[in-house]
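The structure under discussion appears below in the form of structure tokens.
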Amino acid sequence: MNSESLLKPSPLIPTSRPEIIQSLIDGVDRYNPDNVSILEEYLGTQLQTEDYDLMANLAILKLYQFNPHLVNEQVINNILVKSLTAIPNPDFNLCLYLLHENALADESVAKLVELQQLLEQCKYQEFWKLYESDDSYKELTSDAIGFEDAIRKVILTSISMTYQSISAELLSNYLNLNINEEEFESFIQTRNLVNKDGIILVPTNYDNEAKPTVIRENIKFEQLTKVIGYSNEL
């Protein structure tokens, strides 16, 4: 696994989008309310795997927008949960923009917004504290298999963009994994990170590498003549 693999965002087009879903997204049938069940079933597949398809999920929300009688609150929650795993991409907000005011006022949506804000603000310890403070948060995300590990990958992506090294204790707190347990070591090793005497070494990549800053000032000839003229007057 190379260092760039940590930085790849969740793609808008998954590696294996079913042909029927592709045809719905590309054609006018995406606005046909009769097809909402097909898209909802596809969301169910995403929830059972690490697959994620933003465009297909937005198509569901668009159908809900045009056909309020079709709205399924659980489906909305699950779409938002999957979009949390795409941070730092703006997917979560894109989904929110397509929700009716009633949906935005829903308590479940409000709870997911809380989680999103903590993740985007890089308040990882606060995220896990809130997530574990109330069983309702885990209930909201229970349909998404592997949700907690997916969030850890989100956090690790952010860390890899910021740090070249970080203490193992701090990283374990960010990931909500016990530093003394095998799960922590296994998680970082599978992502090409090295634990050296309590310091986690992050592979150098485009984002965390120090870059020299070159400042160039462009002065037009007319401006230069004015400066010379002023200096002659002094």
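Please read all numbers here as calculations on a predicted model, not as lab measurements.
Here the shortest heavy-atom pairing between Val81 and Ala144 reads CG1-CB, 3.8 Å. In plain terms, the two heavy atoms of Leu39 and Ala59 that are nearest each other are CD1-CB, 3.9 Å. Shortest non-hydrogen contact noted between Phe184 and Asn178 is CB-O, 3.4 Å. Ile155 approaches Tyr174 most closely through the heavy-atom pair CD1-O, 3.3 Å. Counting all heavy atoms, side chain and backbone alike, Thr85 lies closest to Val154 at O-CG2, 3.4 Å.
Separating the CG atom in Asn77 from the NZ atom in Lys111 is a distance of 11.5 Å, to the nearest 0.5 Å. From Leu70, atom CG reaches atom OG of Ser37 across 9.5 Å, with rounding to the nearest 0.5 Å. Note that the CG atom of Leu98 and the CD1 atom of Ile60 stand 11.5 Å from one another [nearest 0.5 Å]. Taking CD of Gln65 as the reference point, atom CG of Leu58 lies at 10.5 Å (rounded to 0.5 Å). How far OG of Ser165 is from CG of Leu171: 11.0 Å, rounded to the nearest 0.5 Å. Here the CD atom belonging to Glu183 is positioned 11.5 Å from the OG atom belonging to Ser172, to the nearest 0.5 angstrom.
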Practice task
Apply side-chain contact (heavy atoms from CB on, under 4.5 Å) to Phe127 and Ile151, showing your working.
Solution key: CA-CA 10 Å; Phe127 169 87; Ile151 293 300; 3.7 Å; yes
Exercise for the section: Under the side chain to side chain donor-acceptor pair (under 3.5 Å) rule, what do Gln74 and Asp143 come out as? Steps first, then yes or no, please. Expected result: CA-CA 10 Å; Gln74 185 61 41; Asp143 287 347; 3.1 Å; yes
Handout entry: Derivation and outcome, side-chain contact (heavy atoms from CB on, under 4.5 Å), residues Val194 and Val202
Key = CA-CA 7 Å; Val194 177; Val202 181; over 6 Å; no
Exercise for the section: Could you walk me through whether Lys138 and Glu132 pass side-chain contact (heavy atoms from CB on, under 4.5 Å), step by step? Expected result: CA-CA 7 Å; Lys138 290 190 175 183; Glu132 296 184 337; 4.1 Å; yes
Exercise for the section: Any chance you could lay out the side-chain contact (heavy atoms from CB on, under 4.5 Å) test for Ser108 and Glu73, step after step, and finish with the verdict? Expected result: CA-CA 9 Å; Ser108 297; Glu73 293 180 356; over 6 Å; no
Exercise for the section: I would like to know whether Glu114 and Tyr137 meet side chain to side chain donor-acceptor pair (under 3.5 Å); could you show each step before the answer? Expected result: CA-CA 10 Å; Glu114 285 184 282; Tyr137 288 98; 3.0 Å; yes
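Between the side chains of Asp26 and Gln22, at least one donor N or O sits under 3.5 Å from an acceptor N or O. Donor-acceptor pairing under 3.5 Å is recorded for the side chains of Ser158 and Tyr124. For the residue pair Asn176/Glu148, the side-chain donor-acceptor check at 3.5 Å is not satisfied. Between the side chains of Ser83 and Tyr52, not a single donor N or O lies within less than 3.5 Å of an accepting N or O.
Between Leu156 and Leu193, the closest side-chain pair of non-hydrogen atoms falls below 4.5 Å. Put simply, the side chain of Asp149 reaches to within 4.5 Å of the side chain of Phe187, judged on heavy atoms. Using a 4.5 Å heavy-atom cutoff, the side chains of Cys95 and Asn57 are not in contact. With contacts defined as side-chain heavy-atom distances shorter than 4.5 Å, the pair Pro88/Glu120 does not qualify. The shortest side-chain heavy-atom distance between Pro68 and His100 falls under the 4.5 Å cut-off. Between Asn72 and Glu40 there is a side-chain heavy-atom pair separated by less than 4.5 Å. The shortest side-chain heavy-atom distance between Leu115 and Leu140 does not fall under the 4.5 Å cut-off. Looking at heavy atoms from C-beta onward, Ile145 lies out of side-chain contact with Leu47 at the 4.5 angstrom threshold.
Using cut-offs of 30° and 60° on the angle between ring planes, the pair Tyr131 and Phe147 is tilted.
Other residues, nucleotides and ligands contribute more than 12 heavy atoms inside 6.0 Å of the CD1 atom of Ile199. Atom CD of Glu126 has more than 12 heavy atoms from other residues, nucleotides or ligands within 6.0 Å. Atom CD of Gln125 has more than 12 heavy atoms from other residues, nucleotides or ligands within 6.0 Å.
Taking Ile, Leu, Val, Met, Phe, Trp and Tyr as hydrophobic and joining them when side-chain heavy atoms fall under 4.5 Å apart, one finds Phe66 in a cluster with Tyr31.
For the side chain to side chain donor-acceptor pair (under 3.5 Å) test, no residue two or more places apart in sequence or in another chain qualifies with Asn67.
At least one donor-acceptor pair closer than 3.5 Å links the side chain of Asp53 to the backbone N or O of Ala56. No donor-acceptor pair under 3.5 Å is formed between the side chain of Ser186 and the backbone N or O of Glu182. In this structure, the side chain of Lys82 engages the main chain of Asp51 through a donor-acceptor pair within 3.5 Å. Between the side chain of Asn195 and the backbone N or O of Ala168 there is no donor-acceptor pair closer than 3.5 Å. Judged by distance alone, with hydrogens and angles left aside, the side-chain atoms of Asn89 form no donor-acceptor pair with the main-chain N or O of Asp91 at under 3.5 Å. Checked by atom type and distance alone, the side chain of Thr49 pairs as donor or acceptor with a backbone atom of Thr45 at under 3.5 Å. In this structure, Arg152 contributes its side chain and Leu175 its backbone to a donor-acceptor pair below 3.5 Å.
There is a path of hydrophobic side-chain contacts, each under 4.5 Å, that joins Ile20 to Tyr42. Residues Leu201 and Met161 do not share a hydrophobic cluster, defined by chaining ILVMFWY side chains whose heavy atoms lie under 4.5 Å apart. Both Leu104 and Leu94 belong to a common hydrophobic cluster when Ile, Leu, Val, Met, Phe, Trp and Tyr are linked at side-chain heavy-atom distances under 4.5 angstrom. Under a hydrophobic-cluster definition in which Ile, Leu, Val, Met, Phe, Trp and Tyr are linked whenever side-chain heavy atoms come within less than 4.5 Å, directly or via other members, Leu84 and Leu118 are assigned to the same cluster.
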